[in-house]
Trainee: 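Please read through the structure below; I'll follow up with questions.
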Amino acid sequence: MSLTKNLVRLSGVLSLAVTAQAQNNTYTLQDSYDATNFFDNFGFFEGPDPTAGFVQYVDAATANSTGLAGYANNGVYLGVDYQTANPTAGRASVRLTSAKSYTHGLIIADIAHQPAATCGSWPAFWTFGPSWPHSGEIDIIEGVNLQTNSSITLHTAAGCSFSQDSFATGDCGAPGDGTQGCGALTQNTQDFGTGFNEIGGGVYALQWTSDAIKVFFFPRTGTIPADIAAGNPDPSNWGTPTASFSGGSCDIDANFMNHNIVFDTTFCGVWAGQVWGADPVCSAKAPTCQEYVANNPADFQDSYWLINYVKVFGETGSSKRGIAKRFNA
Ligand SMILES: *[C@@H]1O[C@H](CO)[C@@H](O)[C@H](O)[C@H]1NC(C)=O
Ligand SMILES: *[C@@H]1O[C@H](CO)[C@@H](O)[C@H](O)[C@H]1NC(C)=O
Ligand SMILES: *[C@@H]1O[C@H](CO)[C@@H](O)[C@H](O)[C@H]1NC(C)=O
């Protein structure tokens, strides 16, 4: 027997042993992004905002030299320009996209701070795939203006509806092009914006399988599952998710694939700007969203993300498929 063969055999045995030991651990750490490597693995989006915001997304060098993005407080700081009045090309901000894309799995984000509820702002932590909306979009944290609760929303092409869902039923391809999507506001003011920041944030988890898309939120002041801290997350122990999309006509695997992870903060545009007039508090401050955002830089000092980590776990489990994958890897 050759040495190579011995090594192969040995690694096969080790792999089996690990799988057998962690029988209930259906997830294995794939990628970990934090203050040691985030900007090596997330790229700065430099184009015009696809959501038509009054924003200028800057590149890595500009973000660094102007202090809009960097490592701070052992985390990843993603902020906006809160000093310049009347920026002609839109308020400077950043939009970061993961280089890697994922299908299925468990994405866990420990976030210390997110953009506070502020008239004109529209922050989001979300994932999406190519040829929008054909590979789907999952909005995990999103909201506009003075919103107090997160909007958890899915967007797809026509033909994906969820039915047996306590969180939100509906057509994720609505109104035919996916621009509206399906979802709802959470019933928790600690999971978004100002309420989130007041408790030092918390941990969000997206669990994506062939059968369901679920979002969990654990406030910092509550109970963050020990298996998360231990790096061995097991969603089957986490209780009822904040949002769960399942049942109905949606073939999840046909509608959601190859998602990149994104954090951004934009202003106005097709959501925050469009509903400006319907917000009595914001619309009393300025006739348009754009005027408000242009003229009140100091109001956006708290429009920043501070991310402790994002970890992506792949499905493994004790299935034969999981083991086969390990042998072939
Ligand atoms: C695996 O999960 C089952 C059902 O939840 C439980 O009864 C069993 O004790 C768990 N096994 C281990 C090794 O944790
Ligand atoms: C910009 O980059 C330099 C060199 O890598 C680093 O020391 C500095 O902290 C960065 N600035 C910010 C705001 O992160
Ligand atoms: C936001 O969450 C709070 C607290 O649970 C709840 O009372 C309120 O109805 C929610 N707001 C909306 C607009 O759903």
Side-chain angles (χ1 to χ4, degrees), residues 33-44 46 56-84 92-96 112-119 121-124 139-153 165-170 180-199 201-202 204 215-223 239-245 263 265 271-272 275-276 278-282 300-309:
Y33 306 117
D34 57 24
T36 65
N37 65 356
F38 187 88
F39 294 107
D40 299 331
N41 294 288
F42 277 69
F44 285 77
E46 294 165 32
Q56 187 187 16
Y57 286 129
V58 301
D59 61 20
T62 309
N64 179 280
S65 65
T66 56
L68 256 58
Y71 298 126
N73 291 30
N74 296 317
V76 178
Y77 173 92
L78 306 175
V80 308
D81 172 5
Y82 57 86
Q83 288 171 324
T84 310
S93 178
V94 293
R95 170 169 158 156
L96 276 294
H113 188 279
Q114 54 177 274
T118 308
C119 292
S121 86
W122 174 3
D139 302 321
I140 304 165
I141 302 176
E142 189 177 24
V144 297
N145 299 326
L146 299 177
Q147 207 169 303
T148 54
N149 308 37
S150 183
S151 300
I152 302 179
T153 311
D165 186 347
S166 57
F167 177 68
T169 58
Q180 184 185 317
C182 62
L185 281 168
T186 67
Q187 290 299 306
N188 183 355
T189 55
Q190 293 186 327
D191 66 21
F192 189 71
T194 304
F196 180 91
N197 298 334
E198 277 168 1
I199 57 158
Y204 264 91
V215 173
F216 297 82
F217 172 64
F218 305 107
R220 183 97 47 216
T221 49
T223 306
T240 310
T242 298
S244 172
F245 299 87
F263 287 91
T265 305
W271 188 7
V275 301
W276 183 261
D279 185 313
V281 178
C282 294
F300 299 98
Q301 186 153 2
D302 276 339
S303 298
Y304 68 90
W305 295 93
L306 186 61
I307 303 153
N308 290 328
Y309 67 73

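Whatever order the structure lists them in is the order used to number ligands and atoms, beginning at 1.
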Trainee: Would you check whether Ala72 reaches within less than 4.0 Å of ligand 2, judged by its heavy atoms?
Mentor: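 Heavy atoms of Ala72 never come under 4.0 Å of ligand 2.
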Trainee: With a sphere of 6.0 Å drawn around CG of Asn74, does it hold more than 12 non-hydrogen atoms of other residues, nucleotides or ligands?
Mentor: no
Trainee: Is it true that Thr189 and Asn149 share a donor-acceptor pair across their side chains at a distance under 3.5 Å?
Mentor: no
Trainee: Give the atoms of ligand 2, by number and element, whose distance to some non-hydrogen atom of Asn64 is under 4.0 Å.
Mentor: 1 (C), 2 (O), 3 (C), 8 (C), 10 (C), 11 (N), 12 (C), 13 (C), 14 (O)
Trainee: Nearest heavy-atom pair of Tyr77 and Phe39: which atoms, and what distance?
Mentor: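 Minimum heavy-atom contact is O-CZ, 4.1 Å.
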Trainee: Tabulating one pair per line, provide the atom names and distances (0.1 Å) for every N/O atom of ligand 3 that is less than 3.5 Å from a protein N/O atom.
Mentor:
residue, atom, partner, partner atom, Å
ligand 3, 2 (O), Asn149, ND2, 2.3
ligand 3, 2 (O), Asn188, N, 3.3
ligand 3, 5 (O), Gln187, O, 2.6
ligand 3, 9 (O), Gln187, OE1, 3.3
ligand 3, 11 (N), Asn149, ND2, 3.2
ligand 3, 14 (O), Gln187, NE2, 3.2

Trainee: Keeping Ser93 on the side-chain end and Thr265 on the backbone end, is there a donor-acceptor pair under 3.5 Å?
Mentor: yes
Trainee: Between Trp122 and Ala272, which heavy-atom pair has the shortest distance, and what is it?
Mentor: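 Residues Trp122 and Ala272, closest heavy atoms: CE3-N, 3.9 Å.
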Trainee: So, do Val94 and Leu96 sit near enough that their side-chain heavy atoms are less than 4.5 Å apart?
Mentor: yes
Trainee: At a 4.0 Å threshold, what atoms of ligand 2 neighbour a non-hydrogen atom of Gly70?
Mentor: 14 (O)
Trainee: Can a side-chain donor-acceptor contact be found between Asp81 and Thr84 if the only test is distance below 3.5 angstrom?
Mentor: yes
Trainee: Which of the numbered atoms in ligand 2 are under 4.0 angstrom from any heavy atom belonging to Ala69?
Mentor: 12 (C), 13 (C), 14 (O)
Trainee: Report the C-alpha distance between Asn145 and Trp271 in whole Å, list the side-chain angles of each, state the deciding distance to 0.1 Å, and finish with yes or no for side-chain contact (heavy atoms from CB on, under 4.5 Å).
Mentor: CA-CA 9 Å; Asn145 299 326; Trp271 188 7; over 6 Å; no
